[in-house]
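Reviewing the structure listed below.
Proteins get letters first, then strands, A, B, ... in listed order; numbering begins at 1 in each.
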Amino acid sequence: MSEALKSLNFIEHIVEEDLRNGFPKEKLRFRFPPEPNGYLHIGHASSICLNFGLGLRYGAPVNLRFDDTNPAKEEQEYVDAIKEDVEWLGYEWDTECFASDYFQQLYDWAIDLIKVGKAYVDSQTSEEIAEQKGTPTEAGTPSPFRNRSVEENLQLFQGMKEGKFKEGEHVLRAKVDMASSNMLMRDPIMYRILYRAHHRTNTDWCIYPMYDWTHGESDYIEQVSHSLCTLEFAMHRELYDWFLDQVVDKDLVRPKQREFARRNFSHTVVSKRKLLQLVDQGFVKGWDDPRMPTISGLRRRGYTPESIRNFADIIGIAKRDNVVDVSLLEFHVREHLNKIAPRVMGVLNPLKVVLTNYPEGEEEWLEAENNPEDEAAGYRQLPFSRELYIEQEDFKEEANRKFFRLKLGGEVRLKNGYIIKADSCTKDTDGNIIEVQCTYDPKSKSGSGTEESLRKVKGTLHWVSAKHALSAEVRLYDRLFTDETPDAHKDKNFLDFINPDSLQIISAFVEPSLADAKIGDRFQFQRMGYFNLDPDSKSEKLVFNRTVGLRDTWAKIQEKN
RNA sequence: UGGCCUAUGGUGUAAUUGGUAACACAGCUGGUUUUGGUCCAGUCGUUCUAGGUUCGAGUCCUAGUAGGCCAACCA
């Protein structure tokens, strides 16, 4: 779809309106501001696509800014992971910024605020300050330290910076309005004392600025025109503007904060705290576990950046609460993978088939199309022999005519090979079918053009030659939670809904061409789904992740019966 | 019992700013097919409620209702 025809989301409408009102297009600038205290998830992808999408749309720069004002939680590991994820999604930031780069400027401005009587040092405990905060319906009460002299405030604040006090002994507060209906305006804390080494400034500082004081001023320093954040910051806007009022120069761009609803997704959680819990408590193997809704998890699972971007684009952005169904994300991976993934054959639950009329010891190589959606993908050779594996669920001794697969006395086409007929089967002592004896029609070879090869047989199966097949570990994933909204239950913990069967590891047989597969390579196992080669894979032991299954109409028909 | 925000099919978003409710997904019916995939066609709505303004309301006004957010020295 062309950009011009695409409808605008409400943020784009705001930008368009600003442009109409005379805001110079060349001064448009955006930013994506993660806190480096965890890995990015699919919800962040929406925000990344929003901000960087805006940048692309208007030819405006987009900064990657780390909101690193809390050394207690933030780490370099997260900075690196975040950068990798944004790059992987395919976006290029203009400048890599850190709120910590602005600590000195922020400090200087804080001094200015003290000098004009708009900030003061409070020496109460956090409990006392909280009590005086009041409630939504009652005004707060002023701190006894609210009217300290400028001199005393300056001296105390400098002492805080110089490490003369213990943690919690003093804080710097903005002097706003203790009676405001917006609790955030009741003299918010600007600085606290924290003797923690920061991942970038190390121990240069022992006072750290709070989010509200930092964020808007950082936007202003970077001359960000539109500062987009999630809805829970809506109430912060008033403070954001108040802080900006104290420092803004009329000749410079004054950043504008606007809020959009964060994305929620069915059958998962997107809260860094909860994701961290899943990792720490061992419910998953790490932040990049393919079951995780993190960008790194999706990447390892086999998702493509394109599919995530398309997905983000189609779900759009708005202000109302939402729960996006995972099937929409799955649709987008399938759509992309269908076009680019080479087709191969892999049998997940092998059942041996012996072609009794195929000469023993003989083998031949069949030609197979790599991707019917992409002619340029070409062809490859597949070994065929007397003993094969097919999928267990593709054979039944008896079945009705809706079953387009192999049954005793019935015929089926082996993909890229011959038409075979099942004559008999053998079972183990428990009654499980362990082998099917078939006869093949030598004249029915695919592509040979013979009358027999042109016969229409209802049902085509994938298969591998037993002698040539490679064994592989295949990891099948299911949703991590059994409930659609695991963290939306007031009386239950989201961990109560963990799906015990979210990972199933099986050993499968795949066609020999896969010996050349490289880590991350994506394939369609025909009739089974999309898979990629996991980093755990070694040349002697292939490991595949199932990214997503194919749409399965047959499974639906069975469900109904 | 204060303030702020939101309400459009099962889900997520649109609606040229007051002019025929549209798109995608999911579901359901069929068709094509050497993947029960892909592809193609069809089908699925009291725009939260009640009033009001207007020739005309998803859009504006009023009053309700429902949901979310707000009292961390977190972001």
Side-chain angles (χ1 to χ4, degrees), chain A residues 1 6-9 13 33-35 37 67-70 72-74 99 122 125-126 129-131 133-140 167-168 170-173 180-184 186 189-194 207-208 210-212 214-215 229-238 259 261 263 266 272-273 311 314-332 334-335 338-339 343 345 369 372-373 402-405 412-417 419 446-447 453-462 524-529 549-557:
Chain A
M1 190 189 288
K6 216 192 124 211
S7 59
L8 305 181
N9 61 47
H13 278 297
E35 182 191 9
N37 69 340
D67 232 328
D68 55 348
T69 57
N70 185 3
K73 288 186 182 171
E74 295 146 8
D122 197 339
T125 64
S126 59
I129 292 175
E131 272 171 41
K133 211 81 205 242
T135 69
T137 47
E138 291 167 64
E167 280 187 15
H170 304 288
V171 289
L172 184 73
R173 286 230 254 171
S180 172
S181 59
N182 181 352
M183 307 271 303
L184 293 162
R186 325 245 257 227
I189 291 169
M190 293 172 68
Y191 278 94
R192 76 284 211 190
I193 298 169
L194 229 44
I207 55 170
Y208 290 94
M210 301 289 289
Y211 167 85
D212 287 302
T214 310
H215 203 89
C229 60
T230 44
L231 243 32
E232 63 265 32
F233 291 100
M235 295 301 292
H236 293 247
R237 189 151 111 197
E238 193 180 354
E259 313 81 18
R263 287 294 170 189
S266 67
K272 279 195 240 177
R273 204 195 91 241
F311 167 73
I314 218 76
I315 62 175
I317 207 77
K319 293 185 80 165
R320 52 178 168 177
D321 292 337
N322 58 82
V323 181
V324 182
D325 201 296
V326 281
S327 65
L328 193 47
L329 217 205
E330 292 179 347
F331 165 80
H332 284 279
R334 288 196 188 104
E335 180 187 54
N338 176 49
K339 292 197 186 89
R343 271 56 170 174
M345 293 205 277
E369 188 178 22
E373 304 290 318
K402 294 265 240 178
F403 185 76
F404 306 155
R405 304 179 182 193
V412 88
R413 156 79 62 188
L414 292 178
K415 180 82 182 168
N416 302 121
I419 292 172
S446 288
S453 74
L454 266 16
R455 276 174 57 211
K456 296 287 175 198
V457 181
K458 196 71 186 166
T460 302
L461 307 186
H462 62 281
Q524 183 196 96
F525 287 9
Q526 282 188 116
R527 303 209 304 135
M528 293 284 99
L550 255 26
R551 250 187 83 222
D552 193 348
T553 319
W554 174 239
K556 274 174 207 151
I557 293 168

Polar pairs (N or O, both sides) under 3.5 Å between protein and nucleotides 41-43 of chain B?
none

Those residues that, when tested against A:S327, pass side-chain hydrogen bond (donor to acceptor under 3.5 Å, both in side chains) (two or more places apart): A:D325

Assigned glycosidic conformation for B:U17 [threshold 90° from 0]: syn

Test side-chain hydrogen bond (donor to acceptor under 3.5 Å, both in side chains) applied to A:R413 and A:S446, step by step: CA-CA 9 Å; A:R413 156 79 62 188; A:S446 288; 3.2 Å; yes

Nucleotide nearest A:K319 when distance is taken to its side chain, options B:C5, B:G36, B:U34: B:C5

Partner nucleotide of B:G27 by Watson-Crick or wobble geometry (both distances under 3.5 Å): B:U43

Under-3.5 Å donor-acceptor pair between A:R413 side chain and B:U34 base: yes

Side-chain-base donor-acceptor pair under 3.5 Å for A:R334 and B:U38: no

Under 4.0 Å protein heavy-atom contacts per nucleotide of nucleotides 70-75 of chain B, with B for base, S for backbone only and - for none: -B-BBB

Quiz item: A:E238 side-chain donor-acceptor pair to B:G3 base, under 3.5 Å: no

Donor-acceptor pair under 3.5 Å, A:S446 side chain vs B:U34 base: yes

Which nucleotide in B:C25, B:G37, B:G12 has an atom nearest any side-chain atom of A:N322: B:G12

B:A26 pyrimidine/purine six-ring stacking with A:F331, under 5.5 Å and 30°: no

Donor-acceptor pair (no angle test) under 3.5 Å: A:R405 side chain, B:G36 base: yes

Phosphate-side-chain proximity, A:K556 and B:G36, N/O vs OP1/OP2 below 4.0 Å: no

Counterpart base for B:C69, defined by Watson-Crick or G-U wobble contacts under 3.5 Å: B:G3

Candidates B:U35, B:A26, B:G12 - which lies nearest the side chain of A:Q524: B:U35

Given RNA chain B, 5'-ward residue of the pair A:A318 and A:R527, judged by closest heavy atom: A:A318

